[in-house]
Engineer: 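Submitted below is the structure of interest, expressed as structure tokens.
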Amino acid sequence: MATASRSFTRALRTSTPNFRATATRPARRFAVPQQPFRQHSRRGYASENGPDKYEGNPKGLIFGAGALLAAAAGYGVYTLKPEWFGQPAKAQKGPFQPKFEDYQKVYDAVAKKLQDEDDYDDGSYGPVLLRLAWHASGTYDAQTNTGGSNGATMRFAPEGDHGANAGLKAARDFLTPIKTQFPWITYSDLWILAGVCAIQEMQGPPIPYRPGRTDRDVSFCTPDGRLPDASKDHNHIRAIFGRMGFDDREMVALSGAHALGRCHTDRSGYDGPWTFSPTVLTNDYFKLLVEERWGWKKWNGPKQFEDSKTRTLMMLPTDMVLVKDKGFRAHVERYAKDNEVFFREFKEAVVKLFELGVPFEKTSGVEERWVFKSSFE
Ligand code: HEM
């Protein structure tokens, strides 16, 4: 059902008419003619024609020399290499080694699916894809070097059923056909790539990405309670994000993701969006935090805030902590004033979040990070 805020959001969303075609051209065939060539040994000639006819017979000599030349030319034909003609060399045999172009194709497929399936929630699966990537990464514990986006262990019941992960099946199911289309990518690399795609396609900053996550079995599921509880205070926020290795500035920057999406009563119990444009990333979350008046929502659900003016927006108790706590507030104000500063610091914190605990050096060997081309570029 299209609500006022939904159509507002849809109007804001960038349509992407010039989505790049992802199909690759079939490789051109190697065009050098391959004529059948029979090799004749000198001995073969001798036995066929007899030694007498061969010795002193000029016709035989000419024929013999011609045969030798033909043999040499034939050898050449057989050993010509495609790259001598400016054509790509034949693919090396061995396991498939995906490159940037291959990951860009995965990005394009996710971006296209986001555009095609725009009747979900406020018009996009983007927010829930980002929440999946964040919940996959946010289990990291720096002390024990456990959890994090390596492993994609939320596929298994113990972790998938944690209260904090309620509703994320929608995001995992959205990505299942993509995984079928590109079976070589790990779930854990795919979930993070989809998070990157969601941010970029919702007009956020480019998020540099590198692959190298491996999928792990059920024994690597993290214990319940590693993700933040929205009903808690500043000590809780610092304890949870501190465990991952983040400082105050990074905690606030990451929270800016709540410009996107909404709360669902059947998932977290909370209700409503944080901003009027929940499928476009902006610094509105920070602006609203400092500029609007917020009061407790009167309802039977968990304690949450609503804006006094329209009573259509919400803030979680943990969101309000960011303006109540002095250390956090300084950053909220900086981001409310300057979207560019927010985008820059958000990007840095997200790259760090998405790579927590991933042993890239042992897996992908990909050292540099890539920036994917967005569908509207
Ligand atoms: C104190 C920290 C945080 C708390 C307590 C928190 C809590 C929540 C809750 C309760 C929801 C609603 C879930 C639902 O009902 O569907 C939510 C949604 C969301 N969160 Fe957070 N979150 C936190 C930090 C973050 C961070 C760091 C990110 C990303 C970098 C993030 C991204 C999102 C997004 C995009 C949604 C919307 C999902 C949707 O629309 O389906 N959150 N969060």
Side-chain angles (χ1 to χ4, degrees), residues 5-6 9 114 120-140 149 162-174 191-192 194-199 201-202 204-205 207 225-244 246 248-275 277-282 285 289 301-305 314-322 324-325 328 332 342-343 345-354 356:
S5 88
R6 282 176 202 192
T9 302
L114 280 174
Y120 171 82
D121 238 6
D122 294 301
S124 174
Y125 271 93
V128 78
L129 288 186
L130 173 55
R131 184 168 163 246
L132 174 67
W134 135 240
H135 280 212
S137 314
T139 54
Y140 185 64
S149 65
H162 290 166
N165 290 331
L168 289 177
K169 190 175 180 302
R172 296 196 298 272
D173 288 350
F174 176 92
W191 289 359
I192 297 304
V196 165
C197 178
I199 294 172
E201 295 299 307
M202 293 189 288
I207 306 291
R226 287 205 176 175
L227 292 163
D229 174 342
S231 68
K232 297 274 172 65
D233 63 6
H234 56 282
N235 291 321
H236 175 74
I237 298 178
R238 289 201 172 93
I240 294 280
F241 284 90
R243 189 205 63 225
M244 298 176 223
F246 289 112
D248 280 10
R249 185 177 64 90
E250 293 167 316
M251 293 177 205
V252 178
L254 287 171
S255 303
H258 281 175
L260 299 165
R262 61 168 54 237
C263 292
H264 306 78
T265 47
D266 59 340
R267 296 180 182 177
S268 59
Y270 296 99
D271 188 32
W274 288 267
T275 66
S277 56
T279 61
V280 181
L281 186 62
T282 62
Y285 166 80
L289 268 175
K303 283 180 135 198
Q304 69 175 64
F305 293 85
M314 66 90 62
M315 288 289 166
L316 298 164
T318 41
D319 295 314
M320 288 308 285
V321 163
L322 302 185
K324 285 183 190 147
D325 181 281
F328 288 143
V332 173
F342 165 52
F343 268 23
E345 298 186 14
F346 176 74
K347 175 193 80 184
E348 286 164 8
V350 166
V351 170
K352 177 171 164 181
L353 173 71
F354 285 175
L356 291 175

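All values below were derived from every heavy atom in this structure, side-chain atoms included, with hydrogens, water molecules and symmetry-related copies excluded. Note that the numbering runs from 1 along the sequence shown for the chain. One-based numbering, in listed order, for ligands and for the atoms of each.
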Engineer: Can you check whether Gln304 reaches Cys263 side chain to side chain, under 4.5 Å on heavy atoms?
Structural biologist: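 A side-chain contact under 4.5 Å is absent here.
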Engineer: So is Arg238 actually on top of Phe328's ring, under 6.0 Å and inside 45° of the axis?
Structural biologist: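 So Arg238 does make the cation-pi contact.
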Engineer: Atoms of ligand 1 less than 4.0 Å from Phe241 heavy atoms?
Structural biologist: 1 (C), 2 (C)
Engineer: Could you walk me through whether Asp121 and Val128 pass the side-chain contact (heavy atoms from CB on, under 4.5 Å) test, one step at a time?
Structural biologist: CA-CA 10 Å; Asp121 238 6; Val128 78; over 6 Å; no
Engineer: Looking at Tyr285 and Gly256, what are the two nearest heavy atoms and their distance?
Structural biologist: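 Of all heavy-atom pairs spanning Tyr285 and Gly256, the closest is CD2-CA, 3.8 Å.
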Engineer: Counting non-hydrogen protein atoms only, what is the nearest one to atom 16 (O) of ligand 1? Give residue, atom name and distance.
Structural biologist: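 Checking every protein heavy atom, the shortest distance to atom 16 (O) of ligand 1 gives His264 ND1, 2.7 Å.
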Engineer: Under a 4.0 angstrom heavy-atom cut-off, which atoms of ligand 1 come close to Val128?
Structural biologist: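 So the answer, numbered in order with elements, is 41 (O).
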Engineer: Taking N or O atoms only and a 3.5 Å limit, does Ser268 qualify as a polar contact for ligand 1?
Structural biologist: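 Such a contact does occur with ligand 1.
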Engineer: Take Ile240 and Leu227 through the side-chain contact (heavy atoms from CB on, under 4.5 Å) test and state the conclusion after the steps.
Structural biologist: CA-CA 7 Å; Ile240 294 280; Leu227 292 163; over 6 Å; no
Engineer: Do you know the tightest heavy-atom contact between Phe305 and Pro317?
Structural biologist: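 Answer, listing the atom of Phe305 first, then Pro317: CE1-CA, 4.0 Å.
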Engineer: Could you see which bit of Leu316 sits under 4.0 Å from ligand 1, with heavy atoms only: side chain, backbone, both or neither?
Structural biologist: side chain
Engineer: Quick one: name the protein N/O/S atoms under 2.8 Å from atom 21 (Fe) of ligand 1, chain by chain.
Structural biologist: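 For atom 21 (Fe) of ligand 1, the protein N, O and S atoms that sit under 2.8 Å away are His258 NE2.
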Engineer: Which of the atoms of ligand 1 are close to Arg267, meaning less than 4.0 Å from one of its heavy atoms?
Structural biologist: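 Once the distances to Arg267 are compared, the set is 14 (C), 15 (O), 16 (O), 41 (O).
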Engineer: Should we count NZ of Lys169 as having more than 12 external heavy atoms under 6.0 Å?
Structural biologist: no
Engineer: Considering only protein heavy atoms, which is closest to atom 35 (C) of ligand 1, and at what distance to one decimal place?
Structural biologist: Pro127 O, 3.3 Å
Engineer: With respect to Tyr270, determine whether any N or O atom, backbone or side chain, lies less than 3.5 Å from an N or O atom of ligand 1.
Structural biologist: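 So ligand 1 has no N or O lying under 3.5 Å from an N or O of Tyr270.
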Engineer: May I ask you to check whether Tyr140 and Trp134 place their ring centres under 6.0 Å from each other?
Structural biologist: no
Engineer: Got the closest protein heavy atom to atom 12 (C) of ligand 1, with its distance?
Structural biologist: Cys263 SG, 3.4 Å
Engineer: Tell me whether His264 contacts the main-chain N or O of Asp271 through its side chain, where contact means a donor paired with an acceptor under 3.5 Å.
Structural biologist: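 Side chain of His264 to backbone of Asp271: no pair is present.
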Engineer: Do Asp229 and His236 have side-chain N/O donor and acceptor atoms under 3.5 Å apart?
Structural biologist: no
Engineer: With side-chain contact (heavy atoms from CB on, under 4.5 Å) as the criterion, how do Lys352 and Met244 come out once you've worked through the C-alpha distance, each side chain's angles and the decisive distance to 0.1 Å?
Structural biologist: CA-CA 10 Å; Lys352 177 171 164 181; Met244 298 176 223; over 6 Å; no
Engineer: For atom 39 (C) of ligand 1, what's the nearest protein heavy-atom neighbour? Residue, atom name and distance, please.
Structural biologist: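 Sorting protein heavy atoms by distance from atom 39 (C) of ligand 1 puts Arg262 O, 3.6 Å first.
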Engineer: Given the rule in the side-chain contact (heavy atoms from CB on, under 4.5 Å) test, do Leu322 and Ser255 qualify, once you have shown the distances and angles that lead to the verdict?
Structural biologist: CA-CA 9 Å; Leu322 302 185; Ser255 303; 3.6 Å; yes
Engineer: What residue and heavy atom of the protein are closest to atom 5 (C) of ligand 1, and at what distance?
Structural biologist: Thr318 OG1, 3.4 Å
Engineer: Checking Thr279 side chain against Ser124 main chain: does a donor-acceptor pair fall under 3.5 Å?
Structural biologist: no
Engineer: Under 4.0 Å from any heavy atom of Leu260, which atoms of ligand 1 are there?
Structural biologist: 37 (C)
Engineer: What do you reckon, does Trp274 put a non-hydrogen atom under 4.0 Å from ligand 1?
Structural biologist: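 The answer is yes: ligand 1 sits under 4.0 Å from a heavy atom of Trp274.
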Engineer: Please state which part of Leu254 comes within less than 4.0 Å of ligand 1, counting heavy atoms only: side chain, backbone, both or neither.
Structural biologist: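 Both backbone and side chain.
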